[in-house]
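What follows is a short report on a single structure.
In the text below, chain A, chain B and the rest are named by the order of the sequence lines, each starting its count at 1.
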Amino acid sequence: MNIFRFLGDMTHLISILILLLKIYATKSCSGISLKTQELYALVFLTRYLDLFTDFISVYNTVMKLVFIASSLAIVWCMRNHPLVRRSYDKQLDTFRHYFLLLASFLLALLLHEKFAFQEVLWAFSIYLEAVAILPQLVLLQRSGNVDNLTGQYVFFLGAYRALYIFNWIYRYFIDPHFTRWIACVSGLVQTALYADFFYYYFISWKNNAKLQLPA
Amino acid sequence: LPEENDHDEL
């Protein structure tokens with residue numbers, strides 16, 4: 001464990017806590033893409049299959065449980081909670097995310113560390129996480145004004161993988177045999193997808209103005 | 001160090 005990865009995990013946890021706060025405090029999920037949340041739930045479920053077979057550390061196990069439980073709770077809430085589901089922007093959240101599922105799965109069948117069930121699903125979860133934010137970013141562009149908590153949520157979500165890139169650079173310097181090409185290249189793509197969001201987020205922060213994404 | 005494809009990261 002190194003500081004970059006720890007900060008990355010904490011940033012990821014903060015983004016989830018912000019989303020839970022928004023949904024719990026405002027009883028609303030306006031501006032949040034259910035499709036992105038469903039993709040994240042699938043990312044965690046397919047990545048943490050080793051939850052009960054490989055014990056790495058208490059921290060690792062606890063964080064995996066938190067990520068799985070929170071992502072499922074958010075999806076459940078957005079689908080079933082009477083107040084929350086009414087505020088879901090169904091007509092704006094129209095990204096065809098099934099293509100993302102299919103593309104990630106096909107890529108995982110081609111590119112993986114080992115052709116084994118758990119490894120192919122692990123690679124699938126890595127590729128899927130890289131593109132899972134797309135429905136959310138498209139929804140933000142369509143909904144125009146972005147409320148504060150949603151903006152913070154997406155910002156921390158993008159920042160976490162950026163910190164992981166520093167973690168991979170650090171681990172490479174510590175041990176040149178350390179290569180995680182699949183995670184690293186996907187992480188770069190994932191962070192790059194946030195580039196324009198980060199730009200408009202920075203502009204809104206500099207001008208102390210509301211976050212506006214161009215349509 | 002965990003072997004290569006041990007996924008010790010979240």
- For A/Tyr170, look at atom OH and say whether over 12 heavy atoms of other residues, nucleotides or ligands are found less than 6.0 Å away. no
- Item | Contact class of A/Phe44 relative to chain B, heavy atoms under 4.5 angstrom | neither
- Message: Looking at A/Phe6, I'd like to know if its CZ atom is crowded, meaning that more than 12 non-hydrogen atoms belonging to other residues, nucleotides or ligands lie closer than 6.0 Å.
- Response: no
- Against chain B, label A/Asn60 side chain, backbone, both or neither, depending on which of its atoms sit under 4.5 Å from a heavy atom there. both
- Non-hydrogen side-chain atoms of B/His7 and A/Ile126 separated by less than 4.5 Å: no
- Query: Got more than 12 heavy atoms from elsewhere within 6.0 Å of CZ, A/Phe55?
  - Reply: yes
- Can you establish whether the number of heavy atoms outside A/Asp196 located under 6.0 Å from its atom CG is more than 12? yes
- Message: For a quick test of reading the model, state the closest non-hydrogen atom pair linking B/Leu10 to A/Tyr48 and the distance between them.
- Response: C-OH, 3.4 Å
- When rounded to the nearest 0.5 Å, the distance separating CD of B/Glu9 from CZ of A/Arg47 is 9.5 Å
